[in-house]
Each structure stands twice: as structure tokens, then as C-alpha cells.
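Step one of this worksheet: look at the structure below.
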Amino acid sequence: MREHKISQKALAILIAAALVALVGSFVIPAFAASVDAAAQSGENAGIFASITEGFEKMKTDVYNVLIKDSNYKHITNGLGVTVKITLAALLIGLLLGFFVAIIRSTHDKTGKVKLLNAICKLYLTVFRGTPVIVQLLIIYYLWLGKMGVHENFAAIIAFGLNSGAYVAEIVRSGIMSIDNGQFEAGRSLGFNYFRTMVYIVMPQAIKNVLPALANEFIVLLKETSVASFIAVKDMMKGANALVGFTYNMNIPYLTVALIYLVMVLVLQKGVSLLERRLRNSDH
């Protein structure tokens, strides 16, 4: 119980520090020049006046950029699109990753399915060896976009294929970490290779790699920020729209950064709790 309280306190401090840093990165430039001028002239009262003026300007900018005319909806609506794309791509990545991992591990252990293993290795080489933004642009502009596929669906496919390549290697490492004695135990029970993999090996492998899979979900969430490159109306697209008609770059981008930061911190907290439960279950 003591460990749980400390971790909550540490998380609260981290979020507070991030908020201060993000707000400070906007506030300081807003009045830094006037503060410097007042300091050089020796006018201490001018410094405090400049600080007050800077905060007032920040409040005005926040109102004009986010609150006025419900401009914040550009970002909140984009948040919904970001979450949907992330979850759908995660599902594709998990299904594809487990399939590829089973084929690769089966070839490593038995030497079979050589053709499928070669195809899987090519897939892993391409999607792990090229940037996700390049994959996104190629899949949309050279393939799905020409077929009239909606940009959101194209983003889901691109991120799903990219995530699947990393999930495959994570799961394969978990399968390969299971002792060969488990396969022998399955055969002694009358199981074939497939049933041994499903009922004996995979449950143990998933438990071993679950924290790594959760971290892959966090990485995937952050990678979806480039979806706006193909006109997906996600949070970054909403922020770009706000910049376009308010001519203010600080507030929209800092708001999106803060939202991503909070989501990632919450997910990281969940991963740490998951890891703790898995450790406790081993005792």
C-alpha cells in the first residue's frame, strides 16, 4: 500500500512539472523582452508590471484561440479521431503480429513453413526499416487513396501494418523464451504442435511480453500524430487549423502536446500497475 501511495505522488509531481514547463514555454516568451528592458533600466516595478502583462496576454490568447467560438472543438473532435485510429490500428497490429510471430517461431523451432517465413521476414524488414510517415504517405497516395479509400481507413491500415511488425517481434521473443520442455510436455499429453502452442506456450509467452505490448500501444498512440499528413482530421490537424485562422502557434500546439502527455502518463501508470501485478502473481 505504501508503494502505491508513493507512485501516485510521483505521478502527480510529474504532471505538475510538465504543466509548468508547457505553460512556462509560452508565458516566458510573451513578456521576456519587456522584462529584460525593464531590468536594464533598473525599474523593478516595471518588471512586475511586465510579468502581469504577460499573464494577461496569455489569458487573452487562450480565450481567443480556444474558448472563443468554441474553437477547442477542432482539437477535441480530433482527439476522438486519434483514439479511434489508435485502437483500430492496435487491433490490426495485434492480430497480424501474433500471426507473423507464430509463423516465425514455428520456422525457428521446426524448420517448416519456409515460404511463409520468408514472406514474414520481408514484411518485417520493410516495416521495421522505414519511417512510419513514409509508409503512411506511400500507402495512401500510391495505393489506397487512388482507390478512393477514406484517409482515416488508410491511416488505420498504415499504422496497423507498422505496429504489427513490432508486435510480431515482441511476441516471437516471448515464444522463444519458453523452454522446449513445454513442447515436450504438450506432446506427452497428446497435443499436436498447434494445440501445444495455443494451450501451453502462448499463455506463458503473452504473460512475459504483456508489458512490452502495452508499451507498444503507447508508442502507437504517439505515432498517430503524423496522420494529419494525409488530411486525417486528428488533433494535429485541428491544431493546424487553429494556427491557420488565429495566427497563434503557441496555444494550439502546446494544448495538443499537453493532451498527448496526459494520455501517455496515464497509460504508463497503467503499464506500471500491470507489471506489478504480474510480478506479484509469480510469487
Side-chain angles (χ1 to χ4, degrees), residues 85-132 135-136 138-139 143-144 153-221 223-224 267 270-283:
I85 289 176
T86 302
L87 293 176
L90 177 66
L91 178 60
I92 293 175
L94 288 174
L95 294 175
L96 182 60
F98 272 85
F99 177 74
V100 172
I102 291 174
I103 291 176
R104 296 271 289 123
S105 59
T106 299
H107 176 269
D108 291 343
K109 288 181 176 296
T110 66
K112 299 178 180 179
V113 293
K114 293 183 178 180
L115 178 59
L116 287 176
N117 181 66
I119 295 174
C120 291
K121 288 182 69 175
L122 177 62
Y123 159 68
L124 294 176
T125 300
V126 171
F127 280 90
R128 286 170 60 90
T130 55
V132 64
Q135 299 166 15
L136 178 67
I138 290 175
I139 288 175
W143 177 31
L144 296 180
F153 183 74
I156 291 171
I157 296 298
F159 292 122
L161 290 173
N162 179 268
S163 180
Y166 290 92
V167 169
E169 288 300 280
I170 292 173
V171 175
R172 187 178 76 91
S173 66
I175 294 175
M176 298 304 293
S177 68
I178 304 301
D179 189 83
N180 286 330
Q182 299 295 319
F183 288 92
E184 297 173 2
R187 284 195 293 269
S188 68
L189 293 173
F191 289 177
N192 57 22
Y193 180 86
F194 177 77
R195 295 186 66 190
T196 301
M197 179 69 74
V198 171
Y199 294 108
I200 297 179
V201 176
M202 287 302 294
Q204 299 178 63
I206 292 174
K207 181 179 179 181
N208 292 341
V209 302
L210 203 53
L213 289 176
N215 282 313
E216 168 59 22
F217 175 54
I218 295 175
V219 173
L220 176 61
L221 172 64
E223 285 182 341
T224 57
L267 290 174
V271 171
S272 64
L273 291 175
L274 175 62
E275 291 176 338
R276 188 184 309 163
R277 287 182 179 274
L278 290 177
R279 286 196 302 268
N280 292 338
S281 67
D282 290 335
H283 300 313

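Counting only heavy atoms from C-beta outward, the side chains of Ile139 and Leu161 approach each other to under 4.5 Å. Between Leu213 and Val167, some side-chain heavy-atom pair lies under the 4.5 Å cut-off. Counting heavy atoms from C-beta on, the side chains of Asn162 and Phe159 never come closer than 4.5 Å. Counting heavy atoms from C-beta on, the side chains of Asn208 and Ile178 come closer than 4.5 Å. Counting heavy atoms from C-beta outward, Tyr193 and Arg187 have side chains that stay 4.5 Å or more apart. The shortest side-chain heavy-atom distance between Val126 and Gln135 does not fall under the 4.5 Å cut-off. When side chains are defined from C-beta on, Val171 counts as touching Met202, because their heavy atoms get closer than 4.5 Å. Inter-residue side-chain proximity for Cys120 and His107 is flagged as unmet; no heavy-atom pair is nearer than 4.5 Å.
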Check step by step if side chain to side chain contact (heavy atoms under 4.5 Å, CB included) holds for Phe217 and Leu94.
CA-CA 10 Å; Phe217 175 54; Leu94 288 174; over 6 Å; no
Determine, step by step, whether Phe127 and Tyr166 satisfy the ring pair (Phe, Tyr, Trp, His ring centres under 6.0 Å) criterion, reporting the C-alpha distance in whole Å, the side-chain angles of both residues, the deciding distance to 0.1 Å, and the verdict.
CA-CA 9 Å; Phe127 280 90; Tyr166 290 92; 9.7 Å; no
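Between the Gln204 side chain and the Ile200 main chain, a donor and an acceptor come within less than 3.5 Å of each other. When atom types are taken as modelled, the side chain of Ser105 and the backbone of Ala101 share a donor-acceptor pair closer than 3.5 angstrom. In terms of modelled atom types and a separation under 3.5 Å, the side chain of Thr224 and the main chain of Leu221 share a donor-acceptor contact.
Between Met176 atom CE and Asp108 atom CG the span is 4.5 Å, to the nearest 0.5 Å. Here Leu210 contributes atom CG and Arg277 contributes atom CZ; the two are 12.5 Å apart, rounded to the nearest 0.5 Å. Between the OH atom in Tyr123 and the CZ atom in Arg128 there is a gap of 10.0 Å [rounded to 0.5 Å]. Within the model, atoms CD1 of Ile175 and CD1 of Ile170 stand 12.5 Å from one another, a figure rounded to the nearest 0.5 Å. Here the CD1-CG distance, from Ile103 to Leu116, works out to 4.5 Å after rounding to the nearest 0.5 Å. From Thr125, atom OG1 reaches atom CG of Leu122 across 6.5 Å, with rounding to the nearest 0.5 Å.
Residues Thr106 and Thr110 approach most closely at O-OG1, 2.6 Å, considering heavy atoms. Shortest non-hydrogen contact noted between Ala155 and Leu136 is CA-CD1, 3.8 Å. For Ile218 against Val271, the heavy-atom pair with the smallest separation is CD1-CG2, 4.1 Å. Taking both residues in full, the closest heavy atoms of Thr196 and Gly186 are given as OG1-CA, 3.7 Å, listed atom of the first, atom of the second, then distance. The two atoms that bring Leu144 and Ala154 nearest to each other are CD1-CA, 3.7 Å, heavy atoms only. The nearest pair of heavy atoms linking Ala168 to Leu124 is CB-CD2, 4.0 Å.
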